[in-house]
Amino acid sequence: MPRVKEIEVRPFSSRQEYGLMLDYFYQADDAFLRGMGVDRLKLPQRNKWLDALLADHEKPDGERDRFYLVWIFRGQRVGHSSINNIVFGTKAYIHLHLWESQLRRAGLGTEFVRRSAAFYFERFNLQKLVCEPWAENPAPNRVLEKLGFAFVRRYRTIPGVIAFEQDVNRYELRRPNQSMKPTAPLRGKISVLVTDPARGLSLSR
């Protein structure tokens with residue numbers, strides 16, 4: 001399929017890419033945020049959040065609070081994936097966000113998530129990926145089921161520091177038995193002076 005060849009997934013590599021990810025949340029309307037399970041009133045101050053992300057970016061993989069991949073389609077950055085609660089060599093929680101509304105029903109999300117999952121399994125030597133989308137948000141639930149994530153249970157929780165209390169569906173994906181193609185290590189660092197190394201800010205599912 002031609003579109004698959006136009007898809008690229010790679011680690012965040014610049015302050016601008018973190019800024020685009022934050023814009024996705026801060027510039028969204030209330031209805032869209034609620035559809036993701038996000039409470040606008042819980043969004044932290046943008047500059048503090050960005051400083052925390054950039055500080056975390058400079059750490060070794062084994063010490064990262066969260067790791068981000070940018071999704072690229074036809075040369076344009078159109079979304080991102082991330083993992084947090086990372087236990088190197090064991091498991092992590094995966095999150096997925098397609099920024100461009102016109103692409104959300106174009107069938108690209110599934111391929112982006114498939115490639116992201118493969119990257120995380122290799123980069124962090126994971127045995128399992130967990131995803132807990134809001135149960136009332138059909139799009140991510142469909143993508144996960146299509147990719148073979150196994151449904152575990154539905155329960156009520158506050159899934160992240162910017163989320164409201166909600167029912168989530170827990171899905172798990174075990175590492176495939178066959179070896180995956182190794183991913184390239186992240187090259188270079190962001191040339192930004194970070195003065196606030198605050199941590200603990202994470203996105204909702």
Practice item. Provide the closest heavy-atom pair for K128 versus F121 in the form atom of the first, atom of the second, distance. Key: N-CE2, 3.9 Å

Check your understanding: Are side-chain heavy atoms of L96 and S82 found at a separation under 4.5 Å?
Key -> no

Check your understanding: About how many Å separate CG of D65 and CG of L53, when rounded to the nearest 0.5 Å?
Key -> 9.0 Å

Exercise for review: Give a yes/no verdict on a cation-pi contact between R153 and Y155, requiring under 6.0 Å between NZ or CZ and the six-membered ring centre and an angle within 45° of the axis.
Suggested key: yes

Check your understanding: Using 30° and 60° as the class limits, which term best fits the ring planes of Y18 and H57: parallel, tilted or perpendicular?
Key -> perpendicular

Point to revise | Any W99 side-chain heavy atom under 4.5 Å of W71 side chain | key: no

**Study point:** Reported CG-to-CZ distance for the pair D30 and F32, which is rounded to 0.5 angstrom
**Key:** 12.5 Å

Practice item. For this output row, return yes or no: ring centroids of Y24 and H97 closer than 6.0 angstrom. Key: yes

Point to revise | Option passing side chain to side chain contact (heavy atoms under 4.5 Å, CB included) with S81 (candidates I94, V9, V113) | key: I94

Review point. Between V168 and Q166, does a side chain to side chain contact (heavy atoms under 4.5 Å, CB included) hold up when you go through it step by step?
Key: CA-CA 6 Å; V168 301; Q166 59 196 264; 3.9 Å; yes

Review point. Does the R64 side chain pair with the main chain of D56, one donor and one acceptor, at a distance under 3.5 Å?
Key: yes

**Study point:** Min side-chain heavy-atom separation T90-L126 under 4.5 Å
**Key:** no

Exercise for review: Return the minimal non-hydrogen interatomic distance between Y26 and Q45, and the atom names on each side.
Suggested key: OH-C, 3.8 Å

Review point. Between the main-chain N or O of A28 and the side-chain N or O of R40, is there a donor-acceptor pair closer than 3.5 Å?
Key: yes

Exercise for review: Verify, without hydrogens or angle tests, whether D167 (side chain) and A135 (backbone) share a donor-acceptor contact under 3.5 angstrom.
Suggested key: no

Check your understanding: Does the pair L43 and W49 meet the rule for a side chain to side chain contact (heavy atoms under 4.5 Å, CB included), with working shown?
Key -> CA-CA 9 Å; L43 292 176; W49 193 356; 4.0 Å; yes

Point to revise | Close side-chain approach of L98 and V78, heavy atoms under 4.5 Å | key: yes

Review point. So, do R66 and I83 sit near enough that their side-chain heavy atoms are less than 4.5 Å apart?
Key: no

Point to revise | Side chain R115, main chain I7, donor-acceptor under 3.5 Å | key: yes

Check your understanding: Can you check whether K91 reaches Q127 side chain to side chain, under 4.5 Å on heavy atoms?
Key -> no

Study note, to complete from the structure: Heavy-atom closest pair (N137 atom, G35 atom, distance to 0.1 Å) is ND2-O, 3.1 Å

Practice item. For R10, look at atom CZ and say whether over 12 heavy atoms of other residues, nucleotides or ligands are found less than 6.0 Å away. Key: yes

Revision key, fill the gap. With E17 as partner, the option from L69, V70, L22 fulfilling side chain to side chain contact (heavy atoms under 4.5 Å, CB included) is V70

**Study point:** Of all pairs that satisfy side chain to side chain donor-acceptor pair (under 3.5 Å), the ones with a partner from residues 141-150, not counting sequence neighbours
**Key:** N141-N169, N141-Y171, E145-Y171

Exercise for review: Determine whether F112 and F73 make a side-chain contact, defined as any pair of heavy atoms from C-beta on separated by less than 4.5 Å.
Suggested key: yes

**Study point:** Backbone N/O of A163 and side chain of K42: donor-acceptor pair under 3.5 Å
**Key:** yes

**Study point:** Donor-acceptor contact below 3.5 Å, side chain R46 vs main chain G19
**Key:** yes

Review point. Does the pair E122/R175 count as a salt bridge with the N-to-O cut at 4.0 Å?
Key: yes

**Study point:** Point-to-point distance, once rounded to the nearest 0.5 Å, from CD of E111 to CG of L147
**Key:** 8.5 Å

Practice item. Please step through side chain to side chain contact (heavy atoms under 4.5 Å, CB included) for the pair L129 and E172, ending with a clear verdict. Key: CA-CA 6 Å; L129 281 170; E172 296 181 356; over 6 Å; no

Exercise for review: Take R154 and E136 through the salt bridge (charged side-chain N to carboxylate O under 4.0 Å, His left out) test and state the conclusion after the steps.
Suggested key: CA-CA 11 Å; R154 176 170 174 160; E136 302 302 323; 2.9 Å; yes

Point to revise | P11 side chain reached by Y68 side chain, heavy atoms, under 4.5 Å | key: no

Practice item. Answer with yes or no after comparing the ring centroid distance for W134 and F164 against a 6.0 Å cut-off, counting only values under it. Key: yes

Review point. Taking it one step at a time, do H95 and N84 satisfy side chain to side chain contact (heavy atoms under 4.5 Å, CB included)?
Key: CA-CA 8 Å; H95 312 266; N84 70 333; 2.7 Å; yes

